[in-house]
> 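One structure follows; several queries about it will come next.
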Amino acid sequence: MRKVMLTDTTLRDGSHSVSHQYSLEDMKKIAMALDEAGIDLIEIGHGDGLNGQSLNYGFAAHTDLEYVKAVAGVLKNAKLTVLLVPGIGLIEDLEAVREAGVKAVRVATHVTEADVAEQHIKAAKKMGLFTVGFLMMSHMASKEIILQEAQKMESYGADVVYVTDSAGAMLPDEVFEKVAYLKSHLKVPVGHHSHNNLGLAVANSVKAYEAGADYLDGSLIGLGAGAGNCPTEALVAVLERLDIPKNVDLYSIIDAGDKVLIPILEAHQKPLPRMNSDSLIIGYAGVYSSFMLHARNAANRFGVDARDVLIELGKKKAVGGQEDWIIEVAHQLANK
Ligand SMILES: C[C@H](O)CC(=O)C(=O)O
Ligand SMILES: [Mn+2]
């Protein structure tokens, strides 16, 4: 059986769950626990990636550079990783965090827009970074289109390409079909990042492995946008039951969640992630997970149902970066 590499995103996607308010000490403690447990890549920073700090996406307690500087020195084995959405993050931002100790980057684009990653992937490779192409909202495109976009990322130099289920909208057979198709046509390895909106994150991750994925994602206790990500500790337990080799130790990763992350969430007075009716609707409607908070706010403001706002955005095929649309949609629904 081939080994699976695990990326933990508690400190990046998971930062949505703490409104991007991790302190430097929180980041350090969690990163050390993940590193000790054997996580291969630890992704950190604002939930929306490098330079995500804005009125649209929310201001973080610290800049990405401050977080990177705090964490880089405490990791022994894991690759310190950031996420970059071209247009939100700039090549200069990547250069700055690379100088501060970042070893890997995931360059994320909407599933049909790999072209916008060309300069960023090429620049990342030139900087000597392990570079992952991250095709978001992969439920919105056919396997043929995903392959076409993945091949672009591969041609720019990506070391791995991800089928990313940003909205937690994909079903197990769909994950298998799309990952297997990429695996049989790409030269580089394939990865899968899941969200738990339909309660399928662990099952979909296992399906992705069975289809040939070599990289899988999780976050401690499933922290993350919307219903959260695939819970790393549950994924590790299932991989262990299936005898799939990995570098992560089960008890240490469980302890990282229980003894390190949960007390930090309690100190921030933040609830643990769970599937609720809103996040279920996100998976059902097939919209981006981080739309949830904005949809709730807009729904309250205009006196409409957040579920209708999300379903309408799904019909309009709204993508990350179009958060301003949420208010417009809520306003239109209110005027109907
Ligand atoms: C920028 C996004 O939050 C990346 C991600 O984690 C996803 O699409 O899912
Ligand atoms: Mn995500």
Side-chain angles (χ1 to χ4, degrees), residues 6-20 41-54 56-58 60 64 81-90 93-94 104-114 116-117 120 132-141 146 149 153 160-170 175 178 191-198 200-202 204-205 208 215-220 222-232 235 273 279 282-283 286-294 313-314 317-323:
L6 294 180
T7 300
D8 185 281
T9 186
T10 310
L11 295 172
R12 196 279 301 165
D13 213 329
S15 90
H16 286 291
S17 306
V18 294
S19 313
H20 319 289
L41 294 103
I42 298 176
E43 189 173 63
I44 76 166
H46 188 284
D48 293 284
L50 281 185
N51 209 19
Q53 305 233 35
S54 61
N56 249 353
Y57 303 119
D64 295 308
T81 306
V82 289
L83 181 126
L84 183 149
V85 180
I88 299 179
L90 305 174
D93 301 319
L94 188 59
V105 60
R106 308 209 284 182
V107 182
T109 73
H110 184 64
V111 64
T112 53
E113 289 169 14
V116 302
H120 303 76
V132 176
F134 204 69
L135 290 169
M136 299 188 287
M137 303 294 272
S138 282
H139 71 285
M140 282 177 137
I146 301 176
E149 299 302 302
M153 288 181 155
V160 181
V161 179
Y162 260 65
V163 173
T164 300
D165 184 14
S166 311
M170 289 171 77
V175 171
K178 290 176 174 174
H192 179 62
H193 169 101
S194 58
H195 279 267
N196 208 25
N197 298 65
L198 296 175
L200 291 170
V202 176
N204 282 352
S205 300
Y215 286 78
L216 294 175
D217 284 17
S219 63
L220 292 174
L223 212 66
N229 288 103
C230 178
T232 307
L235 178 60
S279 59
I282 278 184
V287 294
Y288 194 57
S289 302
S290 68
F291 282 10
M292 184 163 74
L293 199 61
H294 302 289
L313 287 160
K317 295 201 180 298
V319 299
Q322 291 180 317
E323 280 76 0

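Every number for a ligand or one of its atoms is a count from 1 in the order of the listing. We use all heavy atoms of the structure for the numbers below, so side chains are in, but hydrogens, waters and symmetry mates are not. Positions are given from 1 along the sequence. Just so it is clear, the model here is predicted, and its values are computed rather than measured.
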> Got a sec: is D13 within less than 2.8 Å of the Mn ion (ligand 2) via an N/O/S atom?
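Of the N, O and S atoms in D13, at least one lies under 2.8 Å from the Mn ion (ligand 2), which means yes.
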> Which of the numbered atoms in ligand 1 are below 4.0 angstrom from a heavy atom of T164?
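By the 4.0 Å cutoff, the relevant atoms are 7 (C), 8 (O), 9 (O).
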> Answer yes or no: does an N/O atom from D13 fall short of 3.5 Å to an N/O atom of ligand 1?
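Yes, there is a polar N/O contact under 3.5 Å.
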> For the pair R106 and D217, find out whether any cationic side-chain nitrogen is under 4.0 Å from an anionic carboxylate oxygen.
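Salt bridge between R106 and D217, a charged N being under 4.0 Å from a carboxylate O: yes.
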> Under 3.5 Å, is there a donor-acceptor pair between the T7 and E43 side chains?
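The answer is no; no qualifying pair exists.
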> Of all the atoms in ligand 1, which lie at a distance below 4.0 Å from a heavy atom belonging to G47?
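Within the 4.0 Å cut-off of G47, ligand 1 contributes 3 (O).
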> When you compare the side chain of E323 with that of F291, does any pair of heavy atoms fall below 4.5 Å?
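Yes, close enough: below the 4.5 Å cut-off.
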> Could you tell me, atom by atom, which parts of ligand 1 come under 4.0 Å of a heavy atom of L83?
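Per the distance check, 1 (C).
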> Measure from the ring center of F134 to the ring center of H193 and say whether it is less than 6.0 Å.
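Yes, the ring centres sit under 6.0 Å apart.
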> Which of the atoms in ligand 1, numbered in the order shown and given with their element, are less than 4.0 Å from a heavy-atom of S166?
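Per the distance check, 7 (C), 8 (O), 9 (O).
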> Within ligand 1, which atoms have a heavy atom of M136 less than 4.0 Å away?
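Per the distance check, 1 (C), 2 (C), 4 (C), 8 (O).
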> Ignoring hydrogens and angles, state whether a donor on the side chain of H195 or N229 is under 3.5 Å from an acceptor on the partner side chain.
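Present: a donor and an acceptor within the cut-off.
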> Report, in ascending order of atom number, the atoms of ligand 1 lying under 4.0 Å from any heavy atom of H195.
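In order of numbering, the contacting atoms are 9 (O).
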> Show which atoms of ligand 1 fall inside a sub-4.0 Å distance from at least one heavy-atom site of R12.
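That gives atoms 2 (C), 3 (O), 4 (C), 5 (C), 6 (O) of ligand 1.
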> For D8 and T232, test the side chains for any donor-to-acceptor distance below 3.5 angstrom and give the result as yes or no.
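Yes - a donor-acceptor pair under 3.5 Å links their side chains.
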